[in-house]
> 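Shown below is the structure under consideration.
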Amino acid sequence: MEQGYARITVCFEAPFWIGVLEREWGGTLEVCKIVFGAEPRDYEVYVFLMSHWRELRFSPPVTGVRRAEAANPKRARRKAGQQLRGGVGTRAQQAIALQREQNKRKRREDRRRRDEAEEARRFQLRRQKKKEKHRGR
């Protein structure tokens, strides 16, 4: 049986508080970045996740090998401290960067299509005006 997990890390990136939601399932990691603005309370994060879960846009899956958890208690304590001090993991940052690049590409394509349509509309308008000017000749 495969197991997955979801983890949210809330941290301050000037000037806003952000949450990075990591979702791992079947050896792939997907990440979603949420901007909260003011510092959210625990229950506010919980309510947000429950009400907006289906609307969250996760990054494309990033494959990676997840190491088995160590049973050593000292290591577990150290890892917990690192998670408290640290923040977002490297794979999560890569997934967010990948999502940002895809969004950038999509915006460029949409803008290009919109500009081409506008240019075609202007061209048709110019042709129509020319025809109206030379109607009687």
Side-chain angles (χ1 to χ4, degrees):
M1 181 172 93
E2 279 191 60
Q3 286 186 329
Y5 79 93
R7 173 176 69 188
I8 186 163
T9 306
V10 178
C11 57
F12 182 73
E13 278 187 14
F16 303 111
W17 283 86
I18 63 158
V20 178
L21 183 62
E22 300 176 47
R23 177 171 71 180
E24 187 166 344
W25 180 262
T28 60
L29 177 74
E30 298 173 336
V31 180
C32 177
K33 187 174 182 179
I34 306 164
V35 178
F36 287 114
E39 182 175 6
R41 294 197 169 90
D42 291 344
Y43 69 89
E44 292 173 337
V45 173
Y46 179 76
V47 169
F48 178 83
L49 289 177
M50 291 296 119
S51 60
H52 294 92
W53 179 260
R54 296 203 183 275
E55 301 163 11
L56 296 177
R57 292 177 33 194
F58 284 88
S59 70
V62 175
T63 58
V65 179
R66 183 163 170 80
R67 293 185 292 159
E69 295 294 323
N72 186 339
K74 284 185 179 179
R75 183 175 294 149
R77 191 147 117 234
R78 202 173 336 149
K79 187 173 182 181
Q82 286 174 351
Q83 286 180 348
L84 287 175
R85 281 190 310 274
V88 184
T90 306
R91 285 189 350 181
Q93 290 172 346
Q94 290 171 349
I96 288 175
L98 183 62
Q99 182 182 24
R100 190 178 303 128
E101 288 296 321
Q102 285 185 344
N103 290 342
K104 188 192 310 182
R105 248 183 268 124
K106 185 176 179 240
R107 275 196 315 271
R108 282 181 182 169
E109 290 171 4
D110 291 346
R111 187 172 49 234
R112 187 180 322 121
R113 272 192 238 110
R114 194 173 53 242
D115 290 348
E116 288 173 356
E118 179 65 20
E119 186 62 35
R121 186 187 70 78
R122 286 182 184 168
F123 181 71
Q124 289 297 332
L125 189 62
R126 283 196 309 262
R127 288 176 83 189
Q128 184 180 359
K129 283 184 178 180
K130 273 187 179 181
K131 283 184 181 180
E132 287 174 2
K133 285 183 178 179
H134 296 284
R135 190 170 39 135
R137 292 183 199 177

> Any chain of hydrophobic side-chain contacts (each under 4.5 Å) joining Val20 to Leu49?
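Hydrophobic grouping puts Val20 apart from Leu49.
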> State, to 0.1 Å, how close Pro60 and Leu98 come at their nearest heavy-atom pair, and which atoms those are.
CG-CD2, 3.7 Å
> Just by distance, do the side chain of Ser59 and the backbone of Val31 share a donor-acceptor pair under 3.5 Å?
yes
> Enter the distance from Gln93:CD to Arg100:CZ here, rounded to the nearest 0.5 Å.
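It comes to 9.5 Å.
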> Set out, in order, the CA-CA distance, both residues' side-chain angles and the distance that settles side-chain contact (heavy atoms from CB on, under 4.5 Å) for Ile8 and Tyr46, then state yes or no.
CA-CA 10 Å; Ile8 186 163; Tyr46 179 76; over 6 Å; no
> Please name the pair of heavy atoms, one in Ala92 and one in Leu29, separated by the smallest distance, quoted to 0.1 Å.
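Nearest pair, atom of Ala92 first, then Leu29: N-CD2, 3.8 Å.
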> Which residue pairs pass the salt bridge (charged side-chain N to carboxylate O under 4.0 Å, His left out) test when at least one of the two sits in residues 31-47, sequence neighbours left out?
Glu13-Lys33
> Just verifying a value: how many Å separate Phe16 CZ and Ile34 CD1, rounded to the nearest 0.5 Å?
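Between Phe16 CZ and Ile34 CD1, I get 15.0 Å after rounding to 0.5 Å.
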> Flag the pair Arg105 and Glu109 as a salt bridge only when some basic side-chain nitrogen lies within less than 4.0 angstrom of an acidic carboxylate oxygen.
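Between Glu109 and Arg105 there is no salt bridge, as every charged N stays at least 4.0 Å from the carboxylate O atoms.
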> Are Glu118 and Arg122 close enough, and set up right, to give a salt bridge (charged side-chain N to carboxylate O under 4.0 Å, His left out), and what steps lead you there?
CA-CA 6 Å; Glu118 179 65 20; Arg122 286 182 184 168; 3.4 Å; yes
> Between Arg111 and Arg108, does the side-chain contact (heavy atoms from CB on, under 4.5 Å) criterion hold? Intermediate values first, please.
CA-CA 5 Å; Arg111 187 172 49 234; Arg108 282 181 182 169; 3.7 Å; yes
> Is it possible for you to say whether Ile96 and Leu21 belong to one hydrophobic cluster, with membership spreading through side-chain heavy-atom contacts below 4.5 Å?
no
> Might you work through the salt bridge (charged side-chain N to carboxylate O under 4.0 Å, His left out) test for Arg113 and Asp110, ending with a clear yes or no?
CA-CA 5 Å; Arg113 272 192 238 110; Asp110 291 346; 3.1 Å; yes
> Does NZ or CZ of Arg23 fall inside the cone over Tyr5's six-membered ring, less than 6.0 Å from its centre and within 45° of the axis?
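Judged by the rule, Arg23 and Tyr5 form no cation-pi pair.
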> Hey, any chance Phe36 and Phe58 share a hydrophobic cluster, counting ILVMFWY side chains that come within less than 4.5 Å of each other, even indirectly?
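They do share one cluster, since a chain of ILVMFWY contacts under 4.5 Å joins Phe36 to Phe58.
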> One pair to check against side-chain contact (heavy atoms from CB on, under 4.5 Å): Lys104 and Arg107. What are the steps and the verdict?
CA-CA 5 Å; Lys104 188 192 310 182; Arg107 275 196 315 271; 4.0 Å; yes
> Nearest 0.5 Å, what's the CG-NE2 distance between Leu56 and His52?
8.5 Å
> Please report the closest heavy-atom contact between Pro40 and Val10, naming both atoms and the distance.
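Shortest heavy-atom separation between Pro40 and Val10 comes out as CG-CG1, 4.0 Å.
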> Give me the atom names and distance for the closest heavy-atom approach of Cys32 to Arg57.
SG-O, 3.5 Å
> Rounded to the nearest 0.5 Å, how far does CD of Gln128 lie from CZ of Phe123?
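Output value for this atom pair is 12.5 Å.
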> Do other residues, nucleotides or ligands put more than 12 heavy atoms under 6.0 Å from Phe12 CZ?
yes
